[in-house]
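Data first, discussion second: the structure below is written as structure tokens.
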Amino acid sequence: MTAPVFVVEHFRAGGDGHYVLDGPEGRHAVSVKRLQPGEEVVLTDGAGRHAVGEVVTAEGKDRLVVRLGTVEEEPVPAPRVTVVQALPKGDRGELAVETMTEVGVDAIVPWQAARCITQWRGERGLKALGKWRATAREAGKQSRRVRFPEVADAATTKQVAALLAAADFAAVLHSDFEHASEPLATAQLPAEGEIVLVVGPEGGVSRDELALFEEAGAKAYVLGPTVLRTSTAGTAAAALLLGRTGRWS
């Protein structure tokens with residue numbers, strides 16, 4: 001099994017080259033993972049910088065002393081994959097974030113689509129956004145990533161259109177099979193740059209939204225002959241794109 005990942009704010013070790021992991025991450029390492037001297041860990045800032053370390057000792061319930069190796073930086077992946085995720089009902093939003101993080105999505109943009117039942121307003125919206133970001137962080141650790149996906153503030157439809165206009169490849173997953181669409185599996189994909197994929201709500205992308213997105217340069221695509229739930233469509237589509245662009249090679 002690959003070494004467990006822990007998030008740190010800095011990589012400053014003591015004069016003896018030892019790094020002290022404490023606080024919630026230290027508690028998880030000592031009391032939950034029960035790491036022992038000689039085992040490896042990976043420390044990361046979640047933005048690509050990381051270092052492999054060797055456990056020297058565990059102290060108390062929340063203090064792990066690590067012999068820190070060289071700090072390295074993971075290259076920015078290309079092409080970059082952003083998923084615009086319409087707000088699902090209940091906790092399905094966190095499920096979508098979790099699985100998209102696991103497959104390797106680089107950025108997630110919550111979208112308040114016209115047909116979304118869920119509404120992010122005021123404190124409730126801030127709390128929900130916080131849950132999405134916490135989920136991305138934990139899923140990033142679980143999947144052994146050192147560069148976690150960015151979870152942006154909730155976007156309006158016009159803001160989504162602007163993202164699509166600036167992308168090197170812009171796609172809208174569409175469930176209306178009567179609308180002119182192409183299979184995502186055969187789309188021409190860029191070798192680098194930005195891929196932006198829009199996943200609509202359970203009720204689908206409205207005609208007005210689709211028209212605005214197509215005006216911005218996006219095309220409508222389907223994944224196959226069946227309709228996936230909004231909480232799984234982004235993960236399935238991202239996996240397809242990551243495989244086809246060579247990022248899983």
Side-chain angles (χ1 to χ4, degrees), residues 2 5 7 42 44-51 70-86 96-111 132-133 136-137 139-155 157-174 180-200 205 209-210 212-224 228 232-249:
T2 55
V5 173
V7 180
V42 175
T44 180
D45 62 359
R49 297 185 72 219
H50 63 284
T70 303
V71 179
E72 300 178 347
E73 183 155 2
E74 182 182 82
V76 176
R80 189 170 184 267
V81 178
T82 295
V83 176
V84 176
Q85 174 66 60
V97 171
E98 180 180 54
T99 53
M100 286 192 287
T101 298
E102 289 172 1
V103 301
V105 165
D106 303 296
I108 300 168
V109 180
W111 172 39
W132 280 35
R133 287 174 172 164
R137 172 187 165 111
K141 289 167 57 179
Q142 185 276 328
S143 55
R144 307 299 195 260
R145 291 181 64 167
V146 296
R147 188 182 294 277
F148 302 162
E150 303 167 17
V151 179
D153 293 339
T157 298
K158 287 185 178 180
Q159 289 171 329
V160 172
L163 280 177
L164 295 169
D168 297 280
F169 177 82
V172 181
L173 290 185
H174 201 40
S181 303
E182 299 177 17
L184 188 62
T186 58
Q188 289 292 113
L189 302 176
E192 54 186 33
E194 184 85 21
I195 291 175
V196 177
L197 175 71
V198 176
V199 179
V205 179
E209 289 167 337
L210 184 58
L212 183 63
F213 294 161
E214 288 181 330
E215 185 179 339
K219 290 184 178 180
Y221 290 90
V222 293
L223 278 175
L228 279 68
T232 54
T235 300
L240 174 63
L241 294 174
L242 290 165
R244 293 193 57 226
T245 56
R247 283 187 46 182
W248 277 8
S249 299

### Message
Tell me whether E215 at atom CD has more than 12 heavy atoms from other residues, nucleotides or ligands lying less than 6.0 Å away.
### Response
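No - once you tally the heavy atoms of other residues, nucleotides and ligands closer than 6.0 Å, there are 12 at most.
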
### Query
In terms of heavy-atom contacts, does CD of E192 have more than 12 from other residues, nucleotides or ligands at under 6.0 Å?
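No.
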
Would you name the heavy atoms of [X] and [Y] that are closest together and state the gap between them?
X    : Y    : answer
A171 : A218 : N-CB, 4.5 Å
V199 : G234 : CG2-CA, 3.6 Å
A170 : Y221 : O-CE1, 4.2 Å
P77  : D106 : CG-OD1, 3.2 Å
A161 : F213 : N-CE2, 3.9 Å
A107 : P149 : N-CB, 4.3 Å

### side-chain hydrogen bond (donor to acceptor under 3.5 Å, both in side chains): pairs with one or both residues in residues 146-155, sequence neighbours excluded
R80-E150, R133-D153

Measuring from atom [atom1] of [X] to atom [atom2] of [Y], what distance do you get when rounded to the nearest 0.5 angstrom?
X    : Y    : atom1 : atom2 : result
L184 : L241 : CG    : CG    : 4.5 Å
H50  : R144 : NE2   : CZ    : 14.0 Å
R49  : E74  : CZ    : CD    : 13.5 Å

Can you check whether [X] reaches [Y] side chain to side chain, under 4.5 Å on heavy atoms?
X    : Y    : value
E209 : W111 : yes
F148 : K141 : yes
V196 : V109 : no
P110 : W132 : yes

### Message
I'd like to check the side chain to side chain contact (heavy atoms under 4.5 Å, CB included) partners of R244; sequence neighbours left out, ordered by chain and number.
### Response
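Scan of R244 (side chain to side chain contact (heavy atoms under 4.5 Å, CB included), adjacent residues dropped) gives A187, L189, L240.
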
### Query
Under the side chain to side chain contact (heavy atoms under 4.5 Å, CB included) criterion, do L228 and L173 qualify, and how do the steps go?
CA-CA 10 Å; L228 279 68; L173 290 185; over 6 Å; no

### Message
So, using side-chain hydrogen bond (donor to acceptor under 3.5 Å, both in side chains) as the criterion, who are the partners of T235 when residues are at least two apart?
### Response
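side-chain hydrogen bond (donor to acceptor under 3.5 Å, both in side chains) list for T235, sorted by chain: T99.
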
### Task
Evaluate the side chain to side chain contact (heavy atoms under 4.5 Å, CB included) criterion for residues T82 and E194: first the C-alpha distance (whole Å), next the side-chain angles of each, then the deciding distance (0.1 Å), finally the verdict.
CA-CA 7 Å; T82 295; E194 184 85 21; 2.6 Å; yes

